[in-house]
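One structure is given here, and the rest of the page talks about it.
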Amino acid sequence: MTSQTTLLEHYSALDSAAVSDALDALGLPPGQAGFLPVWGTPKIVGFAVTVQLEPYVPGPSGAHIGATAVSAANDTNVIVVANDGRTDVSCWGGLLSLGAALNGVRGVVADGASRDVHEAREMGFPVFAKGRIPATARGRLQQRSTGEPVQLGEVTVTPGDLVLADETGVVVVPATHIDEVLERAQGVVAREQAIAADLRAGVALHEAMRDARLAGTTEEH
């Protein structure tokens, strides 16, 4: 079994498109659109720590949303915040970014909106979200759970799944398939690099980019 650190290093060399192709080949949910960096063009890869939010219901106050997940996370983790894609209220803000950054967390992917974008940018903390909005979560959202499976867009994320997000989109690799997807994705990259080399050498596009070759179903010579 490959160590967590080595796995993250290998996946960090890939992009979301290659991993999505590998997931497709295994009949697993591919990458998703709509999760964009709120600043710059960062890339994050890590094991999921999950947070499920829900509409606020008046009652005894508890921990701030996301705070328990941030406290439990470390430098191998990406925090995944499930908020049903809502963009009318922030589900991630500057103090959460600061706390996560201080814990070494690799970034956050939020199925919702983020605020305090300048704070995340200034500390170099990657945030991927469905939008940006100043409206606070206070009095609008509450935390339902942490450490449980959540829905990120159309994909279920279980704690410990691998999450990769870049400027193209986000992919979720089930923990049970991490090694297999890695091997397939590395094969995708190798084939595409070979095709690119052929194109630069003057091979015609229609000859270099055969569907069977891209799919890895023919033997290369």
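Using modelled atom types, one side-chain atom of Lys43 and one backbone atom of Ser12 make a donor-acceptor pair closer than 3.5 Å. Here the side chain of Asp15 pairs a donor or acceptor atom with the backbone of Ala18 at under 3.5 angstrom. A distance-only check finds no donor-acceptor pair linking the side chain of Trp39 to the backbone of Gly124 [under 3.5 Å]. In terms of modelled atom types and a separation under 3.5 Å, the side chain of Asn77 and the main chain of Phe47 share a donor-acceptor contact. Panel note: side chain Asp166, backbone Thr168; a donor-acceptor pair is recorded below 3.5 Å. The backbone N or O of Val105 lies less than 3.5 Å from no partner atom in the side chain of Asn103, so there is not a single donor-acceptor pair. Thr50 places a side-chain N or O within 3.5 Å of a backbone atom of Glu148 that can act as its donor or acceptor partner.
Classification of Arg86 and Asp88 as a salt-bridged pair holds, one side-chain N sitting under 4.0 Å from a carboxylate O. Ion pairing between Lys130 and Asp111 holds under the 4.0 Å rule for side-chain N and carboxylate O.
Nearest approach of Val70 to Ala100, heavy atoms of both residues: CG1-N, 3.5 Å. Here the shortest heavy-atom pairing between Gly131 and Val38 reads O-CG1, 4.4 Å. Smallest separation of non-hydrogen atoms from Leu26 and Glu180: CD2-OE2, 3.1 Å. In plain terms, the two heavy atoms of Leu28 and Pro174 that are nearest each other are CD1-CD, 4.4 Å.
Heavy-atom neighbours of Leu102 CG from other residues, nucleotides or ligands within 6.0 Å: above the threshold of 12. The 12-atom threshold is exceeded at CD of Glu54, counting heavy atoms of other residues, nucleotides or ligands nearer than 6.0 Å.
The distance from atom CZ of Arg184 to atom CG of Leu23, rounded to the nearest 0.5 Å, is 10.5 Å. Rounding to the nearest 0.5 angstrom, the gap separating the CG atom in Leu162 from the CG atom in Leu182 is 9.0 Å. Atom CD1 of Ile65 is separated from atom CZ of Arg144 by 13.0 Å, given to the nearest 0.5 angstrom. With rounding to the nearest 0.5 Å, the separation of OG in Ser114 from CZ in Arg132 is 9.0 Å. Residue His177 holds its NE2 atom at 10.5 Å from CG of Asp161, rounded to the nearest 0.5 Å. The CZ atom of Arg115 sits 10.0 Å away from atom CG of Leu96, with the distance rounded to the nearest 0.5 Å.
Linking ILVMFWY side-chain heavy atoms closer than 4.5 Å, directly or via other members, places Ile133 and Val108 in two distinct hydrophobic clusters. Tracing side-chain contacts under 4.5 Å through hydrophobic residues (I, L, V, M, F, W, Y), one never reaches Val117 starting from Phe128; they form parts of separate clusters. Hydrophobic clustering (side-chain heavy atoms under 4.5 Å, transitive across Ile, Leu, Val, Met, Phe, Trp, Tyr) groups Val171 together with Val189. Cluster annotation: Val78 is connected to Val170 through the hydrophobic network of ILVMFWY side chains, with a link wherever side-chain heavy atoms come within less than 4.5 Å.
Side-chain contact between Val109 and Ile79 is absent, with no heavy-atom pair separated by less than 4.5 Å. In this structure the side chain of Phe125 never reaches within 4.5 angstrom of the side chain of Leu98, judged on heavy atoms.
No side-chain donor from either of Glu167 and Thr41 sits under 3.5 Å from a side-chain acceptor of the other. Thr68 and Ser71 form no side-chain donor-acceptor contact under 3.5 Å, judged by distance and modelled atom types alone.
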Quiz item: Taking it one step at a time, do Trp92 and Val81 satisfy side-chain contact (heavy atoms from CB on, under 4.5 Å)?
Solution: CA-CA 8 Å; Trp92 188 268; Val81 181; 3.9 Å; yes
Quiz prompt | Audit row: Val89, Asn83, side-chain contact (heavy atoms from CB on, under 4.5 Å) steps and yes/no | solution = CA-CA 10 Å; Val89 57; Asn83 194 34; 4.2 Å; yes
Practice problem: Take Ser145 and Gln52 through the test side chain to side chain donor-acceptor pair (under 3.5 Å) and record every step on the way to the result. | Solution: CA-CA 5 Å; Ser145 66; Gln52 177 67 57; 5.6 Å; no
Practice problem: Kindly indicate, with the supporting measurements, whether the criterion side-chain contact (heavy atoms from CB on, under 4.5 Å) is fulfilled by Val163 and Ile44. | Solution: CA-CA 8 Å; Val163 177; Ile44 56 175; 5.8 Å; no
Self-check item: CA sep, side-chain torsions, deciding dist, call: Cys91, Leu141, side-chain contact (heavy atoms from CB on, under 4.5 Å)
Solution: CA-CA 8 Å; Cys91 66; Leu141 295 174; 4.0 Å; yes
Using residues 29-36 as the side-chain source, report each donor-acceptor pair under 3.5 Å to any protein atom, sequence neighbours left out, with the distance given to one decimal.
residue : atom : partner : partner atom : Å
Gln32   : OE1  : Glu154  : N            : 2.8
Gln32   : NE2  : Leu152  : O            : 2.9

